[in-house]
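Worksheet for the structure shown next.
So you know, we letter chains A, B, ... as the sequences are listed, proteins then strands, and number each from 1. This structure is a prediction, so every number in the text was calculated from the model and none was measured.
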There are 2 protein chains.
Amino acid sequence: MSSHITIKDIAKAMGCAPSTVSRALNNSANISPAVREAIQRYAQEHNYRPNEFALSLRNNRSNTIGVILPQMVHYFFSSVLSGVEKAASAAGYNIMVAQSNEEYEKEVAIVESFRKAKVCGVIASLAKSTHDYSHFRRLMEEDVPLVFYDRICTELNTSRVVVDDYTGAFAAVEHLVETGCNKIAFYTSPLHLEISKNRRNGYVDALRKHRIDVDNDMIFECDTRMEARNLTLDLIKSGRCPDAFFAVNADTAAGILYACKDLGLRVPEDVSICGFSDNEMARSTEPRLSMVDQPGEAVGRGAMELLLAKIDGDEEKLVYKNKIVKTSLILRGSTREK
Amino acid sequence: MSSHITIKDIAKAMGCAPSTVSRALNNSANISPAVREAIQRYAQEHNYRPNEFALSLRNNRSNTIGVILPQMVHYFFSSVLSGVEKAASAAGYNIMVAQSNEEYEKEVAIVESFRKAKVCGVIASLAKSTHDYSHFRRLMEEDVPLVFYDRICTELNTSRVVVDDYTGAFAAVEHLVETGCNKIAFYTSPLHLEISKNRRNGYVDALRKHRIDVDNDMIFECDTRMEARNLTLDLIKSGRCPDAFFAVNADTAAGILYACKDLGLRVPEDVSICGFSDNEMARSTEPRLSMVDQPGEAVGRGAMELLLAKIDGDEEKLVYKNKIVKTSLILRGSTREK
DNA sequence: AAATCTCGCGCAAACGTTTGCAATGTTAAA
DNA sequence: TTTAACATTGCAAACGTTTGCGCGAGATTT
């Protein structure tokens, strides 16, 4: 069926040159109002749509932004994607999305495919296994605006959006302390990640503020449910049982919870549990898990806003901004009340 | 920095015409092996990458496929997206994604934006509020391959991927019957959706097979947690309490579960609960919820395979295929054992 | 030795758009 | 009335690629 009408078709129909049509449609200067209106009306009536490829070819840039997620099937990351999508859609951009599956090689391949597709901006969160950033550096050398979120890259000078890990962790741990806990275990993801460092700092500072000694033997690299379950069982059986747990995510918190229940500990009477990164699961345990909420949609929206600022900004192209999205502490049944 | 090397650059460097370079790189006929190899080597060394826009402009088709999700922050749909992404990535395609938020108008806008972007195929699941399909029909008139998944459109002659709702529901209800239940409530999403009809048929047929009368007053349009909670409370209080519930999704099943527990009913001793569409939440209640698992990734993969068949297929362009992905019944604590 | 064929390659157009420059026609100033 | 200034439009090139057509040269046939 009729592939679409082009500028040339309009020109032919109106008896003028394609350049005139182009100028009329773009409201360029130096065109008589009469001609302009006639052309615009004709274009409207015939449902003219500019050919994106021609535009892209000429401008050497698409109308698309690329988004990299470490995983798609993940409450927080899909929330971020949702936020990005809404903001991008509102701003008239399409989004191209790919997941690294936490693999460095896949991440490199994605960046390469985004370069080929000439996306006009990239929003990314690092894979756990990424320690080399030259693929992103290459992107920056080609002047592709880049914004990191959550798992950011501090080596590269880009805009960033993070959640307030420090304050979130601080608030959670402080709440545990204020409800009577003073031997608080901390289950964290690998400490080379920025988020881990910040949460650890929040944990440490909350303890210090309340004059509780920080026991490094109470900090564990553990961020999956199974690991948490096993670790917790070992910990309790070994007699070094904490009176509270602060976990890096909901999965881990659930692992802790079920280990405790299996061993007959009551939550929150005997031990309190609090996690980071709220999701549906945390609302479905018994008792429900208190969590530090990371507003994923807000992170995605913020990342898109920063990216648009970079894309549109002319003068401030060199200005990078950081955005810190506030977390909130959601208290449920797995912690005691004040 | 050096934007990329083009075919013209290579031609200039090798002292030949761009057309020769093009033919050499595409292994076209009528080119001497010597020249071909020289050009390919040069291109390789200088890291030549064809300009996608120029290709798209010429072929009037991108290397991208569009994916429509009703929601992104949703276990099943993000699983599907993940499956699509993996398959697309393996086949060398990019994916463009957008969510309708269950709104008809947004869905129309997405289809329009996909048409503008000239995606070379679309994978979609209908918004709940969509009853008119002319936007998709327009897409088909422009020969854009289209595959529906999950919430399919039976009015349109396209390829489709669905989970085996009928068999899944049948198996779940039969299990409830075989473990002693005979008054089984069914909480379903709106019945105009294909999935609802199929699940309802599975429910009905399982009852019939075991000579249990189907009571239409035990079928409720109810697919959110809050609705389920309230409805279940009402139902129990009214004295018409079923001995089992079969729910359309995990949220609804959880609502039922907590309503029952609030009223002191024991699960699964007093009432059994089984849901459709497993997710993390179902693994985190107490007791854990028995669920019919929908393998989202397999659905996504299947949709992509069907789409690729349509895109690549020359002769069989008119052949539409349906793919039915098997579900499996995951038995947990919310149902009794045989 | 003349005619034909084949191979390898270049020319140029096409995809749809934008834009610098030149070429009109019109109006105002001298 | 001549000249300058200006408004409006067209021409053509450019973005990077593919491809039908034609041309020349060498190889084969008669």
Side-chain angles (χ1 to χ4, degrees), chain A residues 1-40 42-43 46-64 92 115-120 142-143, chain B residues 1-40 42-43 46-64 92 115-120 142-143:
Chain A
M1 192 112 304
S2 64
S3 70
H4 260 171
I5 188 177
T6 78
I7 266 192
K8 290 186 187 175
D9 297 329
I10 301 183
K12 208 161 292 176
M14 308 290 291
C16 66
S19 48
T20 304
V21 178
S22 172
R23 281 186 263 255
L25 294 176
N26 293 325
N27 283 319
S28 297
N30 299 334
I31 189 123
S32 75
V35 174
R36 165 180 311 176
E37 279 171 29
I39 290 179
Q40 289 187 345
Y42 186 93
H46 290 72
N47 194 31
Y48 167 77
R49 299 252 174 272
N51 182 310
E52 304 245 333
F53 298 145
L55 289 175
S56 296
L57 176 58
R58 185 149 228 285
N59 308 328
N60 198 33
R61 124 191 217 292
S62 69
N63 188 44
T64 302
R115 283 209 298 161
K116 272 183 56 178
K118 294 218 170 54
V119 297
C120 57
E142 292 180 3
D143 286 326
Chain B
M1 197 111 306
S2 66
S3 70
H4 259 171
I5 187 177
T6 79
I7 266 193
K8 290 185 184 175
D9 297 329
I10 300 183
K12 209 160 291 176
M14 307 291 290
C16 67
S19 49
T20 304
V21 178
S22 171
R23 281 185 263 254
L25 294 176
N26 294 323
N27 284 318
S28 297
N30 298 334
I31 189 122
S32 75
V35 174
R36 165 178 311 174
E37 280 171 29
I39 290 179
Q40 289 187 345
Y42 186 92
H46 290 72
N47 193 32
Y48 167 77
R49 299 253 174 270
N51 181 308
E52 303 246 333
F53 298 145
L55 289 175
S56 296
L57 176 59
R58 184 148 228 286
N59 307 329
N60 198 33
R61 122 192 220 293
S62 69
N63 189 44
T64 303
R115 281 209 300 160
K116 272 183 56 177
K118 296 217 168 55
V119 296
C120 57
E142 293 179 2
D143 286 325

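Residue B:Leu57 is in base contact, counting any heavy-atom pair closer than 4.0 Å across all strands shown. Residue contacts for A:Ile7: at a heavy-atom cut-off of 4.0 Å it reaches the sugar-phosphate backbone alone, with no base atom in range.
Rounded to whole Å, the distance from CZ on B:Arg61 to P on C:dA14 is 23 Å. One atom, CG of B:Asp9, and another, P of D:dG16, lie 8 Å apart when rounded to the nearest Å. Taking atom CZ on B:Arg36 and atom P on C:dC7, their separation rounds to 13 Å, with Å as the unit. Atom NZ in A:Lys12 sits roughly 13 Å away from atom P in D:dC11 (whole-Å rounding). Protein atom CG of A:Asn60 is 14 Å distant from nucleotide atom C1' of D:dT17, rounded to whole Å. In this structure, A:Leu55 atom CG and D:dA14 atom C1' are separated by 14 Å, rounded to whole Å. Atom CZ of A:Phe53 and atom P of D:dA14 are 24 Å apart (whole Å). Rounded to whole Å, atom P of D:dT18 lies 11 Å from atom CD1 of B:Ile10.
Side-chain atoms of A:Asn59 never come within 3.5 Å of backbone atoms of A:Arg61 as a donor-acceptor pair (strictly under, hydrogens ignored).
Within 3.5 Å, a donor on the side chain of A:Arg23 pairs with an acceptor on the base of D:dG10, or the reverse.
Nearer the 5' end of DNA chain D, as judged by each residue's closest nucleotide, is the contact made by B:Ala54, out of B:Ala54 and B:Ser19. When each of B:Pro18 and B:Arg58 is assigned the nucleotide of DNA chain C with its nearest heavy atom, B:Pro18 is the one assigned upstream, toward the 5' end. Each of B:Ile31 and A:Thr20 was matched to the nucleotide of DNA chain C holding its nearest heavy atom; the match closer to the 5' end belongs to B:Ile31. When each of B:Asn59 and A:Val21 is assigned the nucleotide of DNA chain D with its nearest heavy atom, A:Val21 is the one assigned upstream, toward the 5' end.
Listed pair A:Ser32 / D:dT8 fails the phosphate criterion, with no side-chain N or O lying under 4.0 Å from OP1 or OP2. The phosphate of D:dC15 (OP1 or OP2) has a side-chain N or O of B:Lys8 nearer than 4.0 angstrom.
No side-chain heavy atom of A:Lys118 sits less than 4.5 Å from a side-chain heavy atom of B:Glu52. B:Tyr48 has its side chain out of reach of B:Asp9: every pair of non-hydrogen atoms, C-beta onward, lies at least 4.5 Å apart. Side-chain contact check for B:Val35 versus B:Cys16: every heavy-atom pair is 4.5 Å or farther apart.
With hydrogens and angles left out, the side-chain atoms of A:Arg49 and A:Asn47 include a donor and acceptor closer than 3.5 Å.
The B:Ser22 side chain lies nearest to D:dT18 when the options are D:dG16, C:dG10, D:dT18.
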